[in-house]
Amino acid sequence: MSVGHIARGAEEAGIATVTVMIEAFEHRAREARFARTLSTHFPMGRPLGAVHDRERQRAVLESAFNLLETATEAPTIERFGQRWRNGVTA
Amino acid sequence: MTNDQPPADGQVAESVAEFLASFSYGSRTDLNFKFLKSLDDEAAKEFIRQLFDAVGTAYDTGQLDAIVESAVAAQIAGYTPNPDKRGKTILHDDGPFHRPTKPLNESRVGLLTTSGHFVNGDVPRPLVASSMPQDEPIDRIGDFIGSESTLSEIPSGTATDNLRVRHGGYDITSAAIDPNVCFPIDVLRTMESDGTIGSRAPTFFSFPGATAQGKLRKVAPSWVDRIRDEHVDVLLLVPV
């Protein structure tokens with residue numbers, strides 16, 4: 001996967017990584033053994049949620065960062081618990 | 001009775017496989033649906049049937065949930081590889097794992113995405129012009145994949161309306177309207193302001209992910225060094 005080499009290098013350099021990706025790519029996180037991955041049941045190109053939906057985008061990041069506390073080994077993969085909702089007008 | 005008809009004499013029917021493939025860098029290119037080429041005929045037909053059913057329901061309800069769900073489910077089916085056709089996938093036996101040494105609200109957080117964002121005026125040459133409709137990177141997707149990628153440095157205080165995006169591998173419509181759908185610069189700024197994270201790195205990073213693995217493996221060590229220069233404790237990665 002496109003960030004796989006960076007993720008491995010960062011972990012080896014002492015930087016804790018957490019990756020957010022759409023569920024369709026989840027198998028790649030497993031194959032590349034990413035340290036911590038949150039997958040979202042969202043359309044490609046919008047892994048954090050719909051346009052201007054700051055509440056949902058933040059909820060995704062909070063779930064992702066929570067893996068920094070809960071994950072104990074690579075690969076740890078969790079699915080974001082909320083489904084897609086439509087974008088909001090800016 | 002059925003309306004399924006064979007082609008008239010002298011006409012060559014487009015096969016279902018050809019129709020599906022046309023959405024992926026073909027005559028009907030639509031990056032939201034390029035996964036169709038990976039579905040078998042029956043799966044694709046069922047997806048289209050479900051999609052139409054969901055549209056019909058939306059006429060009455062106004063709810064788009066079922067439409068999006070049918071597309072996302074088909075997308076997962078399209079991208080999830082058949083275990084019998086693994087191709088050149090690189091499998092790792094182990095994964096490095098560094099435990100955070102401080103809580104998140106004391107950590108400096110960095111960001112790297114494959115969304116292809118860059119600051120207006122900081123044109124990531126040689127493959128990008130200052131203004132780039134999506135058609136150009138789509139037409140030049142082979143050039144992108146075969147070239148060494150440019151890592152764009154984006155000051156984390158950059159206003160989102162001063163960001164631009166180019167990419168030939170995904171539909172950039174949402175990413176251009178609101179970068180936070182895949183480059184969460186505003187969200188991280190808010191999380192810094194309210195103390196959820198300790199601080200944000202001075203510089204965030206992005207590059208177009210549609211790049212050959214060999215090229216990325218070559219540049220990865222120098223990119224990691226660049227990220228280390230930001231003195232981050234945590235790196236958020238968003239492959240798009």
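Residue numbering restarts at 1 for every chain, and letters A, B, ... go by the order of the sequence lines.
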Gap separating the CG atom of B:Asp94 from the CZ atom of A:Arg8, nearest 0.5 angstrom: 5.0 Å
State whether the number of non-hydrogen atoms from other residues, nucleotides or ligands found under 6.0 Å of B:Arg228 atom CZ is greater than 12. no
Spacing of A:Arg46 atom CZ and B:Asn32 atom CG [to the nearest 0.5 Å]: 4.5 Å
Minimum heavy-atom separation for B:Pro96 and A:Ala74, please, with both atom names. O-CB, 4.2 Å
Which pairs count as salt bridge (Lys or Arg N to Asp or Glu O under 4.0 Å) when at least one residue sits in residues 67-83 of chain B, sequence neighbours excluded? A:Arg83-B:Glu69
Part of residues 231-240 of chain B lying next to chain A, heavy-atom separation under 4.5 Å: B:Val232, B:Asp233, B:Val234, B:Leu235, B:Leu236, B:Leu237, B:Val238, B:Pro239, B:Val240
For residues 64-75 of chain A, the side-chain hydrogen bond (donor to acceptor under 3.5 Å, both in side chains) pairs (sequence neighbours left out) are none
Between A:Ala71 and chain B, with a heavy-atom cut-off of 4.5 Å, which part of the residue counts as in contact: side chain, backbone, both or neither? both
Quick one: are B:Val219 and A:His5 in side-chain contact, heavy atoms under 4.5 Å? no
Which of the residues A:Thr19, A:Thr37, A:Ile22, A:Thr76 is involved in the greatest number of heavy-atom pairs with chain B at under 4.5 angstrom? A:Thr19
Is B:Thr196 close to chain A through its backbone or its side chain, or both, or neither, when contacts mean heavy atoms under 4.5 Å? side chain
Distance, nearest 0.5 Å, that separates CZ of A:Arg28 from OH of B:Tyr79: 8.0 Å
Does any pair with a residue in residues 47-59 of chain A pass salt bridge (Lys or Arg N to Asp or Glu O under 4.0 Å), and if so which ones, sequence neighbours excluded? A:Asp53-A:Arg85, A:Arg54-B:Asp178, A:Arg54-B:Asp186, A:Glu55-A:Arg85, A:Arg58-A:Glu62, A:Arg58-B:Asp194
B:Pro184 to A:Leu61 - nearest heavy-atom pair and separation: CB-CD1, 4.0 Å
Examine whether an atom of A:Pro47 lies under 4.5 Å from a heavy atom of chain B, and if so say whether it belongs to the side chain, the backbone or both; otherwise answer neither. both
Pi-cation contact, B:Phe97 with A:Arg36 (under 6.0 Å, within 45°): yes
Scored by heavy-atom pairs under 4.5 Å with chain B, the best of A:Gly49, A:Gly4, A:Gly14 is A:Gly14
Which atom of A:Ala13 lies closest to which atom of B:Val224, heavy atoms considered: CB-CG1, 4.2 Å
Where on A:Phe42 is there a heavy atom nearer than 4.5 Å to chain B: the side chain, the backbone, both, or neither? backbone
Nearest-0.5 Å distance, CD1 of residue A:Ile15 to NE2 of residue B:His98: 8.5 Å
Show the numbers, then the answer: is there a side-chain contact (heavy atoms from CB on, under 4.5 Å) between B:Leu112 and A:Val3? CA-CA 8 Å; B:Leu112 183 144; A:Val3 298; 4.0 Å; yes
As an exercise: rank B:Leu188, B:Val187, B:Val72 by heavy-atom pairs under 4.5 Å with chain A and give me the winner. B:Val72
Chain A contact via B:Leu216 - side chain, backbone, both or neither, heavy atoms under 4.5 Å: both
Gap between atom CE of A:Met44 and atom SG of B:Cys182 - 0.5 Å precision: 11.0 Å
Considering only heavy atoms, which portion of B:Val109 lies under 4.5 Å from any heavy atom of chain A: side chain, backbone, both, or neither? side chain
Which bit of A:Ile6 is near chain B, if near means a heavy-atom gap under 4.5 Å: side chain, backbone, both or neither? both
Chain A heavy atoms under 4.5 Å from B:Lys218: which part of the residue, side chain, backbone, both or neither? neither
